[in-house]
Protein chains: 2
Amino acid sequence: MKSTMNVRYAVIGAGNGGMAMAGYLALRGFSVNLYNRTREKLESLIDNPVITLSGSVEGKGVLNMVTDRIGEAVQDVDIIMVTVPATGHCHMAKAMAPYLRDGQIIVLNPGRTGGALEVYEILRRSGCGKSVVVAEAQTFIYACRATGPDSARIFSVKHEVALSAIPAKFTRRVIRLLSGAYPQFVPAKDVMETSLNNFGAIFHPAPTLLNSGHIERGQSFEYYLEGITPSIGQMLERLDAERMRVARALGVRAVSAREWLEESYGAKGDTIYEAIQNNPAYKGLTAPKGLDTRYIYEDVPCSLVPIASLAGYLGIDTPAIDTIIRLANMMTGRNFWEEGRTVDKLGLKGLSVTEMHQLAQTGEIMKTVVREQEVVA
Amino acid sequence: MKSTMNVRYAVIGAGNGGMAMAGYLALRGFSVNLYNRTREKLESLIDNPVITLSGSVEGKGVLNMVTDRIGEAVQDVDIIMVTVPATGHCHMAKAMAPYLRDGQIIVLNPGRTGGALEVYEILRRSGCGKSVVVAEAQTFIYACRATGPDSARIFSVKHEVALSAIPAKFTRRVIRLLSGAYPQFVPAKDVMETSLNNFGAIFHPAPTLLNSGHIERGQSFEYYLEGITPSIGQMLERLDAERMRVARALGVRAVSAREWLEESYGAKGDTIYEAIQNNPAYKGLTAPKGLDTRYIYEDVPCSLVPIASLAGYLGIDTPAIDTIIRLANMMTGRNFWEEGRTVDKLGLKGLSVTEMHQLAQTGEIMKTVVREQEVVA
């Protein structure tokens with residue numbers, strides 16, 4: 001069995017999360033290949049492959065490789081840590097498919113809703129044919145920012161992050177391998193659980209849209225503590241109740257946003273609004289400085305749309321979620337219903353709830369003999 | 001023919017608009033009965049019936065009567081100026097129905113969308129049986145505030161306000177009678193025109209909801225100049241396009257919000273956002289200090305809902321308007337679809353577009369002999 005300290009990593013994406021993660025893994029002595037799609041972002045690190053970390057973790061991490069060639073980046077690594085926005089998962093999966101090897105592990109940090117399913121389905125359809133495990137984290141492990149072309153700041157590290165793999169029977173193996181770097185990962189039952197307990201769906205698009213005047217003007221304010229007022233909180237309760245209804249219909253252990261605030265931060269309250277007000281960890285988390293933010297462009301298509309699509313598939317009404325998606329479409333001029341993750345894109349179309357969990361557990365669709373022969377893991 | 005200077009007025013509602021209007025009419029020498037539903041608001045004026053005006057108009061107006069009895073207020077007056085929020089039109093119409101006399105004129109300041117139709121329909125259903133003219137102004141003539149129990153401030157007076165009566169053949173008579181006090185009123189073709197060119201539908205609910213964080217926190221900002229950003233402006237364009245589509249389907253000369261900003265203020269721009277930025281008259285108009293505002297509680301049920309209801313009746317889709325109504329419902333916990341003005345409440349159910357205009361023009365529904373006998377004017 002591979003030592004958890006000899007794991008070789010690729011980190012995909014040199015944004016805020018990728019820079020912090022690559023820097024940390026390298027600082028901890030792991031071999032790290034850092035990939036970014038555009039070479040410009042990497043120029044400085046190509047010259048000198050050292051990331052300087054500040055904040056919760058301080059020090060310098062020396063990278064094994066810095067590259068804009070995906071084949072090079074994933075070659076010979078054990079774990080591929082994907083840190084690009086969830087909207088990029090599809091593209092990255094297609095790009096790396098020809099280069100993957102049996103036994104490699106892809107970890108989406110985080111998957112948002114349906115990330116692992118979407119990537120798994122893309123690999124299947126691409127005819128990749130290798131036994132690859134696709135895992136997703138429920139949230140990103142850090143609050144962090146890239147502070148320059150070769151530096152990042154880690155504001156805080158989460159104590160516990162749920163993770164699940166497809167096939168779910170490999171979840172514990174993935175967590176064990178990651179534990180040398182990140183002992184914080186804990187197993188979820190399957191990717192339906194990590195995907196449906198995606199609180200970005202609740203906390204990101206609605207408060208952003210309902211504060212869009214001030215956000216678009218670039219005015220600074222506390223995103224959670226000031227931006228989520230009692231009426232906005234009431235909207236979040238509705239969104240959360242709909243998410244929970246879909247989760248329960250899918251047989252997923254659904255944690256409410258209020259429970260999650262208490263579990264994760266010890267922040268108590270009778271309502272989401274109260275619990276947020278009682279969460280000192282949110283202090284200093286300011287709002288995005290424009291509407292061109294992941295809180296809309298990532299969390300509408302990759303968090304709300306898949307929940308709404310699953311709801312529609314199961315015959316559950318989600319009027320609040322639908323309203324926020326429509327509003328986002330109208331405010332941006334995009335069509336997130338089309339761009340976003342649907343039951344079809346997640347490879348779940350035609351499956352019963354039991355079959356969805358079978359797919360998540362085994363990586364195989366039991367129902368159709370034809371598809372059974374095609375699956376990779 | 002009655003002299004325009006001998007017109008006797010009742011002003012219904014002692015809020016911001018009612019106090020300014022009653023004070024002004026009295027100051028100009030007209031006989032004014034001021035009514036308010038709750039007596040508390042009137043205590044000071046009952047002791048001493050004098051309203052002090054400041055701002056664009058300065059001076060003291062002595063009222064003829066101050067009362068919380070509606071029968072007393074409307075008795076012997078020629079024109080009943082209703083200044084209560086549009087959500088109160090229904091109640092006021094029912095309350096005054098038993099006391100109305102032939103030839104009296106009710107003017108809704110403003111009607112929002114369908115105010116005159118709703119009041120006319122209520123009088124018809126109540127069996128009032130008198131020949132009463134019901135008119136609506138397209139907007140309120142002042143920007144003003146009550147500054148105390150016996151004072152009001154008029155910030156500005158509009159140069160031109162469209163008005164129409166049911167029956168529309170009496171519109172010019174109403175405008176002539178009002179002209180002694182308000183030469184600003186100009187005739188609209190009929191109440192369909194004043195109702196569909198209600199710009200409160202565009203400028204009030206959406207920007208309020210999309211700035212709800214800051215509004216609910218009571219933070220001061222320029223409602224139009226800061227609150228309407230490019231993306232919010234894009235939302236307003238969609239709302240306005242839907243309103244125009246409904247108006248055109250109703251055979252109404254629809255003015256776009258952008259045209260209206262240019263006509264009313266000389267504010268030009270390629271978009272609503274630009275025209276607003278180029279409108280110095282909006283300077284100083286700050287946002288409401290809470291979400292418990294007429295911009296939601298009046299303009300959703302009495303501006304957006306009737307437009308959406310007419311659209312549904314005519315088979316026109318209004319996705320943007322529907323989204324704002326749904327959002328308002330979810331943020332407030334109300335059901336504005338039910339509370340608001342529907343085609344049925346406006347007395348338009350079963351009518352063709354031609355018949356709607358006939359009703360507006362003549363006060364009679366030509367179609368059904370039964371109803372023809374019932375109508376009042």
Side-chain angles (χ1 to χ4, degrees), chain A residues 205-242 273 276-277 287-293 296-297 317-335 337, chain B residues 205-242 273 276-277 287-293 296-297 317-335 337:
Chain A
T208 298
L209 290 167
L210 296 170
N211 282 288
S212 44
H214 278 53
I215 288 177
E216 194 164 26
R217 269 205 325 287
Q219 193 176 328
S220 184
F221 63 94
E222 294 274 340
Y223 181 76
Y224 290 91
L225 298 178
E226 297 187 308
I228 297 174
T229 54
S231 298
I232 295 177
Q234 183 171 320
M235 187 73 199
L236 303 193
E237 307 277 359
R238 287 173 192 266
L239 294 167
D240 202 47
E242 292 178 3
Y273 168 74
I276 285 172
Q277 292 297 312
K289 286 284 188 285
L291 283 181
D292 184 16
T293 162
I296 291 176
Y297 286 89
D317 282 340
T318 51
I321 290 175
D322 296 354
T323 295
I324 295 299
I325 296 170
R326 285 196 192 98
L327 188 60
N329 282 345
M330 290 171 186
M331 297 277 289
T332 59
R334 300 278 281 261
N335 185 342
W337 295 113
Chain B
T208 299
L209 289 167
L210 296 171
N211 283 287
S212 45
H214 277 53
I215 289 177
E216 193 163 28
R217 269 206 323 289
Q219 193 175 327
S220 184
F221 64 95
E222 294 275 340
Y223 181 75
Y224 290 91
L225 297 178
E226 297 187 308
I228 297 175
T229 55
S231 299
I232 294 176
Q234 181 170 321
M235 187 73 199
L236 303 193
E237 307 277 1
R238 287 172 191 267
L239 294 167
D240 203 45
E242 293 178 3
Y273 167 74
I276 285 172
Q277 292 298 312
K289 286 284 190 284
L291 284 180
D292 185 15
T293 163
I296 291 176
Y297 286 90
D317 281 341
T318 51
I321 290 175
D322 296 354
T323 295
I324 295 299
I325 296 170
R326 286 197 192 100
L327 188 60
N329 282 345
M330 290 171 186
M331 297 276 290
T332 59
R334 300 277 280 261
N335 185 342
W337 296 112

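Proteins get letters first, then strands, A, B, ... in listed order; numbering begins at 1 in each.
Rounding to the nearest 0.5 angstrom, the gap separating the CD1 atom in A/Ile215 from the NZ atom in A/Lys289 is 9.5 Å. Note: B/Gln277 CD to B/Thr229 OG1 = 9.5 Å, rounded to the nearest 0.5 Å. Once rounded to the nearest 0.5 Å, the distance linking CH2 of B/Trp337 with CG of B/Asn329 reads 7.5 Å. The CG atom of A/Leu327 sits 9.0 Å away from the OG1 atom of A/Thr332 when rounded to the nearest 0.5 Å. The distance from atom OH of A/Tyr224 to atom CD1 of A/Ile232, rounded to the nearest 0.5 Å, is 13.0 Å. Distance check, rounded to the nearest 0.5 Å: CG of A/Leu209 to CG of B/Leu210 gives 7.5 Å.
With A/Arg217 contributing its side chain and B/Glu226 its backbone, the two residues share a donor-acceptor pair below 3.5 Å.
Ranked by heavy-atom pairs shorter than 4.5 Å toward chain A, the options B/Gly233, B/Gly227, B/Pro230 are led by B/Pro230. Considering only heavy-atom pairs separated by less than 4.5 Å from chain B, the leading option among A/Met330, A/Met331, A/Arg326, A/Gln234 is A/Met330.
Only the side chain of B/Gln219 comes within less than 4.5 Å of a heavy atom of chain A; its backbone N, CA, C and O stay farther away. B/Pro207 does not touch chain A: none of its heavy atoms, backbone or side chain, sits under 4.5 Å away. In this structure, chain B has a heavy atom under 4.5 Å from the side chain of A/Leu291, while its backbone stays farther away.
Under the rule for a side-chain hydrogen bond (donor to acceptor under 3.5 Å, both in side chains), B/Glu222 has no partner lying at least two apart in sequence or in another chain.
Scanning residues 317-324 of chain A against chain B with a 4.5 Å non-hydrogen threshold yields A/Pro319, A/Ala320, A/Thr323, A/Ile324, sorted by number.
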